[in-house]
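Lettering of chains follows the sequences in order, A, B, ..., and the numbering in each one begins at 1.
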Amino acid sequence: MIEARALTKAYSDLVRGDVLALCGVSFSASPGQVYGLLGPNGAGKTTALRILSTVLQPTSGTAIVGGFDCVTQPELVRHQIGFISANTAVYDRMTAWEMVEYFGRLYGLEDDELRERMEQLFERLQMQEIRDLLGAKMSTGMKQKVSIARAIVHDPPVLIFDEATTGLDVLVARALLDAVAELREQGKCILFSTHIMREAERLCDRVAIMHRGYILAEGTLDELRDRHEERDLEELFFQLIRRQQMEADLISN
Amino acid sequence: MATFPALEVLGYCREVPTGPVETTLKSSLTHLPTCLAHMNWRNVRLIYGREIRDQLRDRRTLFMIAVLPLLLYPLLGMSVFQLSQFLRKSEPRVLVIGSEQLAASKELPRLFEAGSFAPELFDDPVDAARLRVEFVNGANQEQSVSTAEQRLKSGDAQVVLRFPPDFGQRLKELRDQVESRGNDPQNIRGLAHFAQSSEQNVPVPLDADSSGIHTNTEPADASEQEQAVQPVTIPEPQLYYNSGKEKSAVAHVQVAHVLDAWKSQIIRENLAASRVPMNVAKPFDVAPHDVAEKKQHQALLWSKILPFVLFIWALTGAFYPAVDLCAGEKERGTLETLLSSPALRTEIVWGKLLTVMTFSAATALLNLFSLGFTARYIVAQLKMLPASDITHGLDLPPLASAMWLIVALAPMSALFSALCLACAAFARSTKEGQYYLMPLLLVIMPLMMLPMAPGSELNLGNSLIPVTGVVLLLMALVQGNYADVLRYAVPVVGVTLICCHWAIRWAVFQFNQESVLFRESERFDLRGWIARLVRDRKDTPSLAEAFFCVALIYVTQFFTQLAISANTPANPDFRFFALLIFISQVVCIAMPALLMAMFFTERPLKTLLLDRAPSPAACGVAVLLALLLHPVGLQIVHWIRVLYPIQNDVLTDLEAFGDLLKKAPYPWLPYVLMAAMPALCEELAFRGFVLSGLRHLGSKRWAIGLSAVFFGIAHGVIQQSLAAAAVGMVLGYVAVQTGSLVPCILFHLTYNGLMFATLKLSEIARDWPTWAVPFHQPAPGVIVYNWPVVVVCALGSLILLRWLHRLPYQATREEQISEARARQPHHALTASVPGNAE
């Protein structure tokens, strides 16, 4: 469903010169699976997900979503995905209902179908009370709900959550994770990036641990634990990063 | 240093489906997906609807668009009223030194009356009270003057008028003199004779005893004449004022006016005293007759004001919503939400563009109506101001002109909106967006001001200038010159539509640039930046480096020209001329490009298209193409000169250059200077460095077009620039298709060489039989080939261009991606997605 092959992304930075945000990252995810991208800030998670959502172009490598190429067929790819990120904000001067309706129409839904689907969504995500509230007056949690409704209104086969729980309180974050699990049950292919180990443990079928643009380890959680003989995911994570740091130091010396 | 292997890039490119060369080229013609057929208008409508609603919910925007214009003009009207009150109220103080001597002489007409200037000296006697007069009388005039000057400088007084000590006395002497002459019959005869000859029809009002006037034809006695004409020198009264202070400058004019009136009175009385008729001093008056009807006069005035007001507001009205819709959305983070929706970038741009257009047009119209509404009030106030020519006969504009303004508003709104949108898309925050208003105004304002200049009129040349053409057309419409309008409507509309098209494509292009959409602020450090330019240099220059190179060339040219014009000898010889060309080509054009290629690119030879040997066939075709395009080029040069005639002084300069060329010590030397040197230097710069950088745009057509425009601008004289830009297009195409600079140099060499040779051709062909001469000379120094030659050559060059078109050109990575995208079947979009309506 999602396939990233040797994705590389170079930015030019004033001070540091060309910075590689991604160095030949490859992974694939299939329907009914939550694939986790796990890594600290600046690991390249957002860049990878932005490439998959066709907002950025890779410097090299290919990304295929739902059988379409992200570089040459971006419009087709965008029809297949729902993208939720810390950077995809809610319009200030639109109510929740208007916002979801607007994106539903952009995805090409018919009016009747759209209304039916929206009623369902608003019920399921418990958004009835913020239906006519302007985006500017919503709390972070409310906004996130609207974002989710916006991303799944067209029932896409692929969902991309980029640090979606950032800034949410425990209750709302829990509800979001439940929603993601529910979507997995519906057979969606879900890409979930986070820097919180607990979330990954709770939710992900497979994870890729990323650091500084590289994937350090990849597999199911059990595979990773067995391979590195470490039951605690957080400890595993620190080990991997420490080892990469040492290797990098060796090379530079 | 982090680099990614070139192999990977190539590997990526291999995966881009590549069709046969032919389809690759065809699809490159539809590079950016602006093709309207691909667009889903339902999405555009959706985006438009949302943006409009969003803007209408914003109180600030509503205030700027709707409330401000409604308030602005009434407020403006109020302030005009206040200003006129102020102008009337301000009473300048005039210090008068030495006025006592005037009061003493009873013969003179009165200058002062009851402590101020005499009312009869003013056009409107009421104005006399508005000049406060303060008399400074004292024995020591010098001292009074110095204190008065102090007061003038401090702004306490506005004007100082000083009559020198014996001014009154001398005036009196003059009066006595003329009076005595008036009573002397001899003089009367002489003067009367003079008056008779100058104004024969007017009877001379003389005393009865001077009946001899018609009979006396004897010349007056020379010695007597001499005695009578002995002049009385009158010391000049001094008028001091302070031009650094507005109030003083105005008062100075008023006092000078009063003194003139007083002088006229003295002249009149002196003439009467000497019994000379008034006609002597004022033989005739000119009676002006303006054949323009009042309506026409008004139309002229309104035709200058209204289009300007309308378009300025169209621009302002477009700018703020554009910044909010692009930079504002970036700032609020909603742009990425929209970009990850299935809407095409083109659809997003069109949705936003239509929104901006709506606001632009609405602002302009509201301003127009508010202005019209308030105008009634302002006009009434203006009429109460001190009379001036402008306000005279001012009335409301006719209704028909308002209609034409509204018609012209649509394309101008579209143009301004697209420009604003492109600028705003580039900005990363609303604050940065606001900065771009000024450069935009600086470009557009002169185009709007140009038609206001006296003497600029609607002709073919002017109608081809964007914005200016529309303003001129509107002026003609408001004035009712429908014949002109019909003649030039097509070029004006054509140019405007082309500009709109390119501006919109530019906006779409900006939205396709991820570097533009995801620019993040970073700390600027000059040293780090330069170090980075050298350290992280790529194989070929970046876009920004290409633009910088062009700017560098222009700046060097500008300063060299300044230096040269300051050091030009009175009679320049050939050596000076050769040096001039060398500097202007090598130093100004080739050097910047070569240096930048050396320092800022990893592979200078690849940048300058010199890394691989050109095919002999390509070189041959380039030379042949230059030969065939020569008559076509001359034809174009001729057309340009007809459209935009070269000014005489420029023409003289050009002729002087031509004469200098003839003084060359060797016959081949001019060819080196005029053909070989430009061929090498200009190609290295414009087809080498600049074009290589511009090709990162992702569209070879844009790259070629822009490099040609830059090439044209480097030529200084506008007529040459236009012709050079046309040649630049062909040269750019040759460079891209052959991938080598050598054919371009050969083309340029041949083309310039032929151009120079034609100067001599006319001399050689002088003795040929008429039928054998394939050209004619419509003007001295201009050669145009006969049209069959031009047509055949044009067809021939088309065949050669077709040959070039078939060459497998080396696309840059950006070009490959955009071509691969353009090849995507867009109709599949709607078919493949379930639940899609269309």
Is it true that a side-chain atom of [X] and a backbone atom of [Y] form a donor plus acceptor pair closer than 3.5 Å?
| X | Y | value |
| --- | --- | --- |
| B:Arg813 | A:Thr59 | yes |
| B:Thr334 | A:Val90 | no |
| A:Arg78 | B:Ser340 | no |

- Message: Please give me the minimum heavy-atom distance between B:Ser341 and A:Leu106, naming the atom from each residue.
- Response: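 What the structure gives for the nearest pair is OG-CD1, 3.7 Å.
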- Query: Between B:Glu336 and A:Val55, which heavy-atom pair has the shortest distance, and what is it?
  - Reply: CG-CG1, 4.2 Å
- Item | Members of residues 91-105 of chain A whose heavy atoms come closer than 4.5 Å to chain B | A:Tyr91, A:Asp92, A:Arg93, A:Met94, A:Thr95, A:Glu98, A:Met99, A:Tyr102, A:Phe103, A:Arg105
- Heavy atoms under 4.5 Å from chain B: which residues of residues 130-148 of chain A carry them?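 Expected list: A:Leu134.
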Within a radius of less than 6.0 Å around [atom1] of [X], do more than 12 heavy atoms belonging to other residues, nucleotides or ligands occur?
| X | atom1 | result |
| --- | --- | --- |
| A:Glu116 | CD | no |
| A:Tyr214 | OH | no |
| A:Glu119 | CD | yes |

- Message: Within the 4.5 Å heavy-atom criterion, are B:Pro342 and A:His79 side-chain neighbours or not?
- Response: yes
- chain B contact via A:Val77 - which portion, at a heavy-atom distance below 4.5 Å: neither
- Task: Answer with side chain, backbone, both or neither: which region of B:Ile47 has an atom nearer than 4.5 Å to a non-hydrogen atom of chain A?
- Result: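 B:Ile47 touches chain A through backbone and side-chain heavy atoms alike.
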